[in-house]
Amino acid sequence: MPARNRIPLPIGTQLGVFEVVSLPFPLPVPGRSGQSRMRNRYFVRLRCTGSGCGWEDDVREDDLERRKTAACGFCYISPDGDPETRIHVERVWKGRQQTYDRYRYHGKSYDRLHRIWANMRERCSNPTSEKWKRYGGRGITVDPGWENFRAFEAWALENGYADGLTIDRINNDRGYEPGNCRWVTDLENLLNRARYLPTPLHQALEARAAADDVDTYSVIRAALEALRAEREQNS
């Protein structure tokens with residue numbers, strides 16, 4: 001069977017609080033239960049970037065995605081931690097003296113706003129994401145200040161976030177940053193995207209609006225309402 005297509009991460013890639021310090025390399029691992037043959041799996045070496053930590057280990061490629069939001073098990077630093085609320089720790093672990101400030105955990109990993117934050121970072125930083133081509137692949141990035149969830153949460157709550165709203169970039173060619181983002185309804189978000197439709201589709205939208213003597217916003221709204229009614233009828 002041919003090897004699966006792999007997109008190796010370059011050395012120096014940041015995965016949350018971890019940094020890639022090697023190119024992928026194969027290591028033999030035991031087969032599945034009941035199989036005695038060893039199989040090669042690809043690993044990369046990761047290093048914790050926490051101050052004074054120095055943890056390094058070989059991590060399987062299929063476990064890298066989880067590391068983006070994981071805390072270091074050695075020093076407990078977390079990308080989601082609140083920089084303003086840290087806990088000072090002094091301990092001896094495996095014969096080694098450790099002194100560091102670890103982050104408190106925010107406990108919001110299952111909240112809707114946290115999912116929005118995680119998905120935003122995913123499509124802008126992960127080349128294997130299904131949405132990478134339309135975001136990170138064309139240069140759309142996330143503001144460095146928003147790599148910390150608490151910072152993003154504070155901005156969202158101060159700028160009109162509510163359940164049912166989605167994050168929208170005002171200028172579709174700029175990244176996710178405080179001056180270019182707002183909270184809108186799904187319909188408003190769709191209307192903003194309509195400005196960037198391929199020319200034939202955009203012309204068709206304008207032609208339908210002219211035929212019905214309405215604006216393009218009304219055409220999109222009517223289409224969404226019809227789709228919603230059809231789904232409710234078939235459910």
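If you read the sequence from its start, that first residue is 1, and numbering goes on from there.
You'll find the side chain of Asp111 stays beyond 4.5 Å of the side chain of Glu153, heavy atoms only. At least one side-chain heavy atom of Arg138 sits under 4.5 Å from a side-chain heavy atom of Asn172. Taking the side chain as every heavy atom from C-beta outward, Arg134 and Ile140 never approach each other to under 4.5 Å. At a threshold of 4.5 Å between non-hydrogen side-chain atoms, the residues Trp183 and Ile116 count as touching. Annotation: side chain of Thr185 is in contact with side chain of Leu165 (closest heavy-atom distance under 4.5 Å). Using a 4.5 Å cut-off on side-chain heavy atoms (C-beta onward), Ile167 and Phe152 make contact. Between Cys124 and Thr141 there is no side-chain heavy-atom pair separated by less than 4.5 Å. The side-chain heavy atoms of Val20 and Leu64, taken from C-beta on, include no pair separated by under 4.5 Å.
For Tyr176, the side-chain hydrogen bond (donor to acceptor under 3.5 Å, both in side chains) partners at least two apart in sequence or on another chain are Arg123. Evaluation of the side chain to side chain contact (heavy atoms under 4.5 Å, CB included) rule for Asp57 yields Trp55 as partners, not counting sequence neighbours. Taking the salt bridge (Lys or Arg N to Asp or Glu O under 4.0 Å) definition, one finds that Arg60 meets it with Asp62, sequence neighbours left out. The salt bridge (Lys or Arg N to Asp or Glu O under 4.0 Å) check on Glu19 picks up nothing, with sequence neighbours excluded. In this view, Thr128 and Asn126 satisfy the side-chain hydrogen bond (donor to acceptor under 3.5 Å, both in side chains) rule, not counting sequence neighbours. In this structure Arg45 satisfies the side-chain hydrogen bond (donor to acceptor under 3.5 Å, both in side chains) test together with Glu56, Asp58, sequence neighbours excluded.
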Could you please spell out the steps behind the side chain to side chain contact (heavy atoms under 4.5 Å, CB included) verdict for Thr166 and Val184?
-> CA-CA 6 Å; Thr166 61; Val184 299; 4.0 Å; yes

Pair Asn180-Asp143, side chain to side chain contact (heavy atoms under 4.5 Å, CB included): steps then yes or no = CA-CA 10 Å; Asn180 191 46; Asp143 187 277; over 6 Å; no

Under the side chain to side chain contact (heavy atoms under 4.5 Å, CB included) rule, what do Leu46 and Leu15 come out as? Steps first, then yes or no, please.
-> CA-CA 9 Å; Leu46 296 185; Leu15 300 174; 4.1 Å; yes

Go through the steps for Arg169 and Tyr135 under the test side chain to side chain donor-acceptor pair (under 3.5 Å), then give the verdict.
-> CA-CA 11 Å; Arg169 285 173 294 118; Tyr135 291 89; 4.5 Å; no

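Atoms CD and CH2, on Glu177 and Trp155 in that order, are 10.5 Å from each other to the nearest 0.5 Å.
Under a hydrophobic clustering in which Ile, Leu, Val, Met, Phe, Trp and Tyr are joined whenever their side-chain heavy atoms come within less than 4.5 Å, directly or via other members, Tyr161 and Val142 fall into the same cluster. Put simply, Trp146 and Leu157 are part of the same group of oily side chains (I, L, V, M, F, W, Y) that touch within less than 4.5 Å, one to the next.
Under the 30°/60° scheme for interplanar angles, the aromatic rings of Phe25 and Phe43 are found to lie parallel.
Pairing each heavy atom of Cys181 with each of Gly175, the nearest pair is SG-O, 4.5 Å. Annotation for Glu122 and Ser129: closest pair OE2-CB, 3.7 Å, computed over non-hydrogen atoms. Residues Gly145 and Ala151 share a closest heavy-atom pair of O-CB, 3.2 Å.
Thr49 contributes a side-chain N or O that, together with a main-chain N or O of Val17, makes up a donor-acceptor pair within less than 3.5 Å.
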